[in-house]
Number of protein chains: 2
Amino acid sequence: MSATGRRATIKDVAARAGVSRTTVSAALNGKGNLNAGTVARVREVAAELGYEPNALARGLRQSRLGVIALVIRPLDDVDTRTLEGVDYFLRFAGAAALSALEHGYALLLVSDPTRGDAPSSSLAADGYIVDTPLDGDILVDLLRRRGTPFVAVGVAPERTPPFPAVTHDVASDTELVLSHLADCGARRITLITGTDRNDWNAVAAASYRAWTKQHDFPVDVVALNEATGVIGGHEAGLTLLESDARPDAVYCLTAHHAAGLAQAAQERGLNVPRDLQIVAGSDAEVCRTFNPTISALNLHPEASARLAADLLVGLLTDHPPSWPVAGPPNTLEVRGSSRVRT
Amino acid sequence: MSATGRRATIKDVAARAGVSRTTVSAALNGKGNLNAGTVARVREVAAELGYEPNALARGLRQSRLGVIALVIRPLDDVDTRTLEGVDYFLRFAGAAALSALEHGYALLLVSDPTRGDAPSSSLAADGYIVDTPLDGDILVDLLRRRGTPFVAVGVAPERTPPFPAVTHDVASDTELVLSHLADCGARRITLITGTDRNDWNAVAAASYRAWTKQHDFPVDVVALNEATGVIGGHEAGLTLLESDARPDAVYCLTAHHAAGLAQAAQERGLNVPRDLQIVAGSDAEVCRTFNPTISALNLHPEASARLAADLLVGLLTDHPPSWPVAGPPNTLEVRGSSRVRT
DNA sequence: CTGAAAGCGCTTACAG
DNA sequence: CTGAAAGCGCTTACAG
């Protein structure tokens, strides 16, 4: 309640209470064996002055700020920049935030610290969550070099990396989707992956090849930059549907590509799902609102974020838990764009 | 790349480059008139050692961390704790994060710092965004007392407060909804508000009374705790629909209440919208997926968050912009639960 | 053009 | 039971 502009510091409290800064610190943090009367007086004075310990000073001294960070990778996609439909990221972030708060941490949303223009605050956290790291991710390298605790999310279990991670079983996801499409009558399934060099794209492609070989299906893989969004999916779709060996089903890892493809199919006079079945590898608002609605894998971002936050917070304690941690089993939301034959 | 466990500090760089810490600091921050050769050498050594300035030390010294915070008020609602359908909060947070990053800030998601169990990191930010402050909000009091910059969001313009805010014209929103319902044939409109003492609830109720009086409509206001969610809306709906003066339309400020009410109506054999029209005062996933879909006000959380972040960042500069800032004009998403007569 | 010293606001061994 | 001193890693007047 002090009328001065300056914020009260531990020094002010010490002076007013007639004790040393050491005593104030101990009293307020409940450390040591202080005289009960002293403690009470210090607390009273602190309340009077509206004293709040400076989190930065404390953090500097203790090498612990009480903050974990979620790294936001560049969102170059024209579609995603508006955040409309970027379900996965928002849900992941929201759940990570709640989980962090429950553990007594705040969640810092930072840009990739390896970017030249990243503010220094992006390196202020006690630990980091890195979603879907790339092969040879330089951010992962930076964090390891610094000895900063971090948790990667979305790493394939069969490539179990030598760093803490919440894994994502992309191989079984892929089989789940392909089997579903085959059950619905598909015989020529095209896979459209993204171009980022992460396990999601790599393992999905590998699993697709294995599955198609085993089931004697033709192989057709298209890699399409994630950032092209709906427009990219639309263009790629037009090309794909003109080809002689037109597929009767497409598995698009990216939701926006799937929506663009569905649009292209309809423009070409094809009925979805009768002439072309479509499944997206991640869910988004656009999949739920498109006509017809688009089947998609539910990656359960909330569950995955909680596991990541819990693991990271655990790594910051004296008794670090073991890893990797298996992510939630993903489920297929069957919608109008693919239907089981009856 | 140092193999030691310790992170390189400015001292290490100074020693290795054979200059003082002062010089390293100036060289790395491009300050003063240093010899170009010195600067180059210092930068080289810094890169060699993988030196990254400690954000906390810098922040402590400069009283500026490069972080703005978004306060997360307690989410007591059973429904919202799962984050399913809490569109508003997630979209707001996502857009605020992107906007902050564009301005060179990171966004910290913190629990209410006035809560006893809030970690001290919740007070580490340079500025705060407080969404929908309560009347006599103690968090607002705390921030003002500390002299910490903050921006409130969702304050009625007619109550323009003596603090920076992005306002929300609840009065015209209310009229928009009531007129829409009247246009659709409603003659007895009940208003269901929340119980939080914020401008949203207060102004909506006041505007409703004014509008109904002016149009000679009966008045029926129910206040229902926001935290009761869909279940609370369902219970309140059952009671409301049993009454002699059953309404033919309900304006529910909370999306979850609206969904619960719609459910109750259908259980009672009422057709929505024929027997009972419903509009929600905020949009959420549940409004878009319910059968029938539920009309709702789109509060444009992304736009509102951007305005708030921009204003807050502006307040942290030497040339603070003026305020209050008018929030985005809200729009009504007309869906199945209310339809204009043809 | 460069450096020594002070200080941001805390906590933590260590004395007494 | 309490305090003086050192130090976390920076930046910033101020000398030289």
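In the text below, chain A, chain B and the rest are named by the order of the sequence lines, each starting its count at 1.
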Decide side-chain hydrogen bond (donor to acceptor under 3.5 Å, both in side chains) for B/Asp131 and B/Tyr88; before the verdict, give the C-alpha distance in whole Å, the side-chain angles of both, and the deciding distance to 0.1 Å. CA-CA 11 Å; B/Asp131 199 352; B/Tyr88 181 85; 3.3 Å; yes
Quick one, A/Leu315 with A/Trp323, criterion side-chain contact (heavy atoms from CB on, under 4.5 Å). Give me CA distance, side-chain angles, the key distance, then yes/no. CA-CA 10 Å; A/Leu315 292 176; A/Trp323 43 264; 4.1 Å; yes
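Rounded to whole angstrom, the span from the CD atom of A/Gln62 across to the P atom of D/dC8 amounts to 15 Å. The distance from atom CZ of B/Arg21 to atom P of D/dG9 is 10 Å, rounded to the nearest whole Å. The CD1-P distance, from B/Ile10 to C/dA4, rounds to 14 Å in whole Å. Look at CG on B/Leu34: it is 12 Å from C1' on C/dG3, rounded to the nearest Å. Rounded to a whole Å, the CG atom of A/Asp12 is 11 Å from the P atom of C/dC8. As a whole-Å value, the separation of A/Asn29 CG from C/dC10 C1' is 10 Å. Protein atom CG of B/Leu60 is 18 Å distant from nucleotide atom P of C/dA6, rounded to whole Å.
In the model, B/Ser20 has a side-chain atom that pairs as donor or acceptor with a side-chain atom of B/Thr23 under 3.5 Å. No hydrogens or angles considered: nothing links the side chains of B/Asn35 and B/Arg41 as a donor-acceptor pair under 3.5 Å.
A/Thr22 comes within contact range of at least one nucleobase, with a heavy-atom separation under 4.0 Å. Heavy atoms of A/Thr38 sit under 4.0 angstrom from primed sugar atoms or phosphate atoms, though from no base atom. Residue B/Lys11 is out of contact with every strand shown, counting any heavy-atom pair closer than 4.0 Å.
Taking only side-chain nitrogens and oxygens, B/Lys31 comes nearer than 4.0 Å to OP1 or OP2 of D/dT12. The phosphate of D/dG3 has OP1 or OP2 within less than 4.0 Å of a side-chain N or O from A/Thr23. Taking 4.0 angstrom as the limit, B/Ser25 places a side-chain polar atom (N or O) nearer than this to OP1 or OP2 of D/dT11. Look at A/Asn54 and you won't find any side-chain N or O under 4.0 angstrom from OP1 or OP2 of C/dC8. Contact annotation: A/Thr9 side-chain N/O to C/dG9 OP1/OP2 distance is not under 4.0 Å.
Under the 6.0 Å distance and 45° angle rule, B/Arg146 does not count as a cation-pi partner of A/Tyr51.
In this structure, C/dA4 forms no base pair with any nucleotide, since neither Watson-Crick nor G-U wobble geometry is met with both distances under 3.5 Å.
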